[in-house]
Asks: 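Got a structure for you, questions after.
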Amino acid sequence: MEGNFVYKYPHPAVTTDCVIFGFDGQQLKVLLVERGIEPYKGHWAFPGGFLKMDETADEGALRELKEETGLETAYIEQLGAFSDVKRDPRERVITIAFYALVNITEVKGGDDAADARWFRIDDMPLLAFDHDHILRVAQKRLKEQIHFNPIGFELLPEVFTMPQLQALYEAILEVKFDRRNFSRKLLTLGLLDMADPDQERNGTRTPVLYRFNADKYQEMKQRGFRLEF
C-alpha cells in the first residue's frame, strides 16, 4: 500500500552547480574547486553538491558555494537544468546550474573540495562531469545578457578605467575593439560618470576613473535600449 510521500516511480538525485565569473582587471576568470572525493577525485569542477530535502535550488547552490570556497554572493541566476543520463557515474543525477558575476576575492577549498582557485577563461583545465558543456552554455548566456543588462559593471570595482572596461567587454565577447571608438561609444551614451570631474583639468597623466551611472541605464532600458558595439 502506498502512503504519503511514497511513490512507485524512481527518483533521480538533484545537485546544483555554480559557474562563478570574475574579472581581475585584465582577464575574465572562472572559479573552480578541486574535487577531494570520487568520482573525478583530483579533477576540477564547479562548486556544487547534492540538494537537501528542506532547501530550494537557490539555497542549495549558495550553501555549497560557501562550503566549498568560502565565497558568499547575494545574487545568482539560474542557467538551466542538465540531465544527460550518463552525466554522473554514481547514479541518475540531474543538476540545476547557476551563474553569477562577482568581484574576484580570495577563496579556499572546504567541505569535499581539496582546493579552490580562479582560472583564466582561456586556460581552463579539463573539467569533471559535463561541466565543460555547462561552461559553454554559461559563456553564451553571458554574451547575450551583456547587450541587455549592465552585467559587465558588476565585475568591476566601483571606480574603473576605460581600458579596464574595454578589456572586460573584449574578454566576454571574444572580440577586439578600437580603443577610441569604444571610449567614444560609452561616453556618448552617457552611461559613465567621471569619478573626479576635475581630474582632466589637472593636466596629469593619471588614467581617468569612471563610475557606472545605473539611473541613466535604467532610463535608457525602459526605452528599449540595447548596448551594441
Asks: Going by the angle between their ring planes, with limits at 30° and 60°, are Tyr40 and His43 parallel, tilted or perpendicular?
Replies: perpendicular

Asks: Hey, what do you get for CZ (Arg141) to CZ (Arg136), rounding to the nearest 0.5 Å?
Replies: 15.5 Å

Asks: Between Lys52 and Glu59, is there a side-chain N and carboxylate O pair less than 4.0 Å apart?
Replies: no

Asks: Going only through I, L, V, M, F, W and Y residues with side-chain contacts under 4.5 Å, is there a path from Phe98 to Phe21?
Replies: no

Asks: With a 4.5 Å heavy-atom cut-off, do Phe46 and Leu127 have their side chains touching?
Replies: yes

Asks: Apply side-chain contact (heavy atoms from CB on, under 4.5 Å) to the pair Arg184 and Arg179, showing each step before the final yes or no.
Replies: CA-CA 9 Å; Arg184 186 183 304 114; Arg179 179 178 60 82; over 6 Å; no

Asks: Quick check: Phe177 with Tyr169 (ring centres under 6.0 Å apart)?
Replies: no

Asks: For Leu142 and Tyr99, work out which heavy atoms get closest and say how close.
Replies: CD1-CE1, 4.4 Å

Asks: Check the hydrophobic clustering (I, L, V, M, F, W, Y; side-chain heavy atoms under 4.5 Å; chains of links allowed) and say if Met194 and Leu191 are grouped together.
Replies: yes

Asks: To the nearest 0.5 Å, tell me how far Leu101 CG sits from Leu155 CG.
Replies: 4.5 Å

Asks: Determine whether a donor-acceptor pair (N or O, by modelled atom type, separation under 3.5 Å) exists between the side chain of Thr95 and the backbone of Phe82.
Replies: no

Asks: Evaluate whether atom CD of Glu55 has more than 12 neighbouring non-hydrogen atoms of other residues, nucleotides or ligands under 6.0 angstrom away.
Replies: yes

Asks: I'd like to know whether Thr161 forms a side-chain contact (heavy atoms from CB on, under 4.5 Å) with Leu209, so could you lay out the CA-CA distance, the side-chain angles of the two residues, the decisive distance to 0.1 Å, and finally the verdict.
Replies: CA-CA 5 Å; Thr161 66; Leu209 295 175; 3.7 Å; yes

Asks: Under 4.5 Å between any side-chain heavy atoms of Val102 and Ile104, yes or no?
Replies: no

Asks: Flag yes if more than 12 heavy atoms outside Gln26 fall under 6.0 Å of its CD atom; otherwise flag no.
Replies: no

Asks: Using a 4.5 Å cut-off on heavy atoms from C-beta on, say whether the side chain of Leu79 contacts that of Ile134.
Replies: yes

Asks: Does Leu28 reach the side chain of Arg120, with side-chain heavy atoms less than 4.5 Å apart?
Replies: no

Asks: Are there over 12 heavy-atom neighbours, none belonging to Lys143, within less than 6.0 Å of that residue's NZ?
Replies: yes

Asks: Report yes if some heavy atom in the side chain of Thr73 is under 4.5 Å from a heavy atom in the side chain of Leu65; otherwise report no.
Replies: yes

Asks: Assigning hydrophobic clusters by single linkage (Ile, Leu, Val, Met, Phe, Trp, Tyr; side-chain heavy-atom cutoff under 4.5 Å), is Val175 placed with Met162?
Replies: yes

Asks: Quick one: list whatever passes salt bridge (Lys or Arg N to Asp or Glu O under 4.0 Å) with Arg92, sequence neighbours left out.
Replies: none

Asks: Salt-bridge test for Asp193 and Arg211: reply yes if a basic N is under 4.0 Å from a carboxylate O, no otherwise.
Replies: no

Asks: Can you tell me how far OH of Tyr75 sits from CG of Leu62, rounded to the nearest 0.5 angstrom?
Replies: 11.5 Å

Asks: Work out which heavy atom in Gly36 is nearest to a heavy atom in Lys41; give both atom names and the distance.
Replies: O-CE, 3.4 Å

Asks: With the threshold set at 4.0 Å, does a side-chain nitrogen-carboxylate oxygen contact exist between Arg180 and Asp178?
Replies: no

Asks: Can you tell if the side chain of Asn213 reaches within under 4.5 Å of the side chain of Leu192, non-hydrogen atoms only?
Replies: no

Asks: Once rounded to the nearest 0.5 Å, what's the spacing between atom CG of Asp58 and atom CD1 of Ile96?
Replies: 8.5 Å

Asks: Would you call the rings of Phe160 and Tyr210 parallel, tilted or perpendicular, where under 30° means parallel and over 60° means perpendicular?
Replies: tilted

Asks: Working to the nearest 0.5 Å, report the span between CG of Leu168 and CG of Leu173.
Replies: 9.0 Å

Asks: Starting from Phe50, can I reach Val14 by hopping between I/L/V/M/F/W/Y residues whose side chains sit under 4.5 Å apart?
Replies: no

Asks: A side-chain contact here means heavy atoms from C-beta on lying under 4.5 Å apart; do Val93 and Pro12 qualify?
Replies: no

Asks: Provide the closest heavy-atom pair for Leu51 versus Ala57 in the form atom of the first, atom of the second, distance.
Replies: CD1-CA, 3.8 Å

Asks: Write down the atom of Gln139, the atom of Ile121, and the distance for their closest heavy-atom approach.
Replies: NE2-CG1, 3.5 Å

Asks: Would you say Leu156 ends up clustered with Ile146 if hydrophobic residues are merged whenever their side chains have heavy atoms under 4.5 Å apart, either directly or through other cluster members?
Replies: yes

Asks: Which heavy atom of Pro47 sits nearest a heavy atom of Thr69, and at what distance?
Replies: CG-CG2, 3.8 Å

Asks: Would you check if Met124 and Leu135 make a side-chain contact, meaning some heavy-atom pair closer than 4.5 Å?
Replies: yes

Asks: Restricting to non-hydrogen atoms, name the atom on Ile76 and the atom on Ala61 that form the minimum distance, rounded to 0.1 Å.
Replies: CD1-CB, 3.7 Å

Asks: Under 4.0 Å between a side-chain nitrogen and a carboxylate oxygen: does that hold for Glu34 and Arg117?
Replies: no

Asks: Which distance, rounded to the nearest 0.5 Å, do you find between the CZ of Phe23 and the CD of Gln164?
Replies: 7.0 Å

Asks: I'd like to know whether Phe119 forms a side-chain contact (heavy atoms from CB on, under 4.5 Å) with Leu31, so could you lay out the CA-CA distance, the side-chain angles of the two residues, the decisive distance to 0.1 Å, and finally the verdict.
Replies: CA-CA 6 Å; Phe119 284 83; Leu31 179 60; over 6 Å; no

